[in-house]
Amino acid sequence: MAHPSQLGFQDAASPLMEELLHFHDHALMIVILISTMVLYIIVAMVTAQLTDKLVLDSQEIEVIWTVLPAIILILIALPSLRILYLMDEINDPHLTIKALGHQWYWSYEYTDYQDLGFDSYMIPTQDLTPGQFRLLEADHRMVIPVESPIRVLISAEDVLHSWAVPSLGVKVDAVPGRLNQATFIVSRPGVFYGQCSEICGANHSFMPVVVEAVPLDHFENWSSLMIEDA
Amino acid sequence: MIGTVRKQLSSHPALIPLFVFIGGGVVMSMSYLARLALRNPDVCWDRKNNPEPWNKLAPTYQYKFYAVGIDYSKLKKEGPDF
């Protein structure tokens, strides 16, 4: 989850998010270098005491400041397109889960082997135990096995919602009447938080997404227990 | 018009890289649009003979422009045969 006064991305928990993080670092570094150079030039020109009245144009510098920015843009575009196509690849998922948005909670259905479905409501602030995160915790987490490709089919039952988990690099709109697909692999066990990302009414800020990645045998125990309890 | 451009280019040769990059960009975007129009399975040109091209895809058909990690020749059909 995000920590107070955080400016950058949350730590990546999936290979795709790592790629996005590195690309962001790459693009931001280029932007910082260019901005520093421009700022220096501005200060140098504003504070200069002397002027050369005879400099009118120069073909050489025009070539340089046409070709160099074009090369820089290509160096930004190629990794960007690579990640764009990487995000859309089908990676043979081991598990398919349906995440359905309601006003104002998420419901998850694991129907690959047996029928398992449950609702995930936010834990109200007055019911939090010490150590839990305000407005982020849910009563039932979406538990998934770690290091397995997971496919999540996202839709909504009433209005637009959006299923987002920043540390996994996933944000997919939940549109009523439409099925959207997201696939990801969680690289490490842990609990990952996200929030509904499409305005959906009064409690839009109070329907978090909580994904818990556990080893496969823990996941099997959890799903057996959930099916018995239902 | 091309004659005028050529004359002005000889006194301002620095504009040649501009033509190269802008021209290259135009060529790339138009050819991607053409690829989408002709190769995208969601596009239907011939309503009589091929009305729903998205139903006729082999599992090894690469419909995306760039395959980063997938080897399309190794994919198999997942659903039942009709």
Side-chain angles (χ1 to χ4, degrees), chain A residues 14-20 22-23 26 55-96 111-112 147-151 153 169 178-185 187, chain B residues 4-43 52-81:
Chain A
S14 77
L16 184 62
M17 190 59 205
E18 283 175 42
E19 297 274 351
L20 287 167
H22 295 319
F23 173 70
H26 166 75
V55 170
L56 295 173
D57 73 340
S58 159
Q59 297 302 304
E60 292 79 11
I61 199 174
E62 294 273 352
V63 170
I64 292 173
W65 68 39
T66 306
V67 170
L68 207 51
I71 293 177
I72 291 174
L73 284 174
I74 292 174
L75 283 180
I76 297 176
L78 289 179
S80 173
L81 287 172
R82 178 183 153 268
I83 294 182
L84 191 66
Y85 281 94
L86 195 61
M87 289 200 298
D88 277 346
E89 281 186 346
I90 333 113
N91 54 0
D92 195 18
H94 294 173
L95 186 61
T96 299
T111 48
D112 280 342
E147 281 183 4
S148 305
I150 307 285
R151 171 197 283 133
L153 296 172
R178 180 184 173 87
L179 211 54
N180 282 329
Q181 176 183 253
T183 54
F184 55 85
I185 300 177
S187 330
Chain B
T4 321
V5 170
R6 240 193 232 176
K7 235 188 298 178
Q8 291 169 346
L9 264 189
S10 53
S11 53
H12 294 96
L15 292 173
I16 294 176
L18 191 68
F19 278 95
V20 167
F21 285 113
I22 301 291
V26 168
V27 164
M28 285 196 293
S29 32
M30 289 302 114
S31 50
Y32 182 67
L33 274 181
R35 183 199 142 90
L36 274 183
L38 297 170
R39 294 263 172 275
N40 190 348
D42 290 335
V43 170
E52 293 179 351
W54 55 86
N55 281 333
K56 295 207 180 114
L57 298 178
T60 52
Y61 176 62
Q62 178 181 335
Y63 57 95
K64 291 253 178 196
F65 175 63
Y66 174 32
V68 185
I70 289 194
D71 186 359
Y72 275 86
S73 58
K74 294 218 173 54
L75 293 179
K76 288 195 220 12
K77 181 172 174 180
E78 290 178 31
D81 289 316

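Convention: sequence-line order gives letters A, B, ...; per-chain numbering from 1. Side chains included, hydrogens not; waters and symmetry mates left out as well; all remaining heavy atoms used.
- Side-chain contact check for Phe21(B) versus Val67(A): some heavy-atom pair is nearer than 4.5 Å.
- Glu89(A) and Ala67(B) get closest at one heavy-atom pair: OE2-C, 3.8 Å.
- Classified by interplanar angle (parallel below 30°, tilted 30° to 60°, perpendicular above 60°), the ring pair Tyr66(B)/Tyr85(A) is perpendicular.
- Taken to the nearest 0.5 Å, the CD1 atom of Ile16(B) stands 9.5 Å off from the CD atom of Gln59(A).
- More than 12 non-hydrogen atoms from other residues, nucleotides or ligands lie less than 6.0 angstrom from CZ of Arg35(B).
- Other residues, nucleotides and ligands contribute over 12 non-hydrogen atoms within 6.0 Å of the OH atom of Tyr61(B).
- The CD atom of Glu62(A) lies 7.5 Å from the CG atom of Leu15(B); values are rounded to the nearest 0.5 Å.
- Interface check for chain A: of the options Gly25(B), Gly24(B), Pro17(B), the most heavy-atom pairs under 4.5 Å are formed by Pro17(B).
- The NZ atom of Lys64(B) sits 7.5 Å away from atom CG of Leu84(A), with the distance rounded to the nearest 0.5 Å.
- Of all heavy-atom pairs spanning Val63(A) and Ala14(B), the tightest one is CG2-CA, 3.6 Å.
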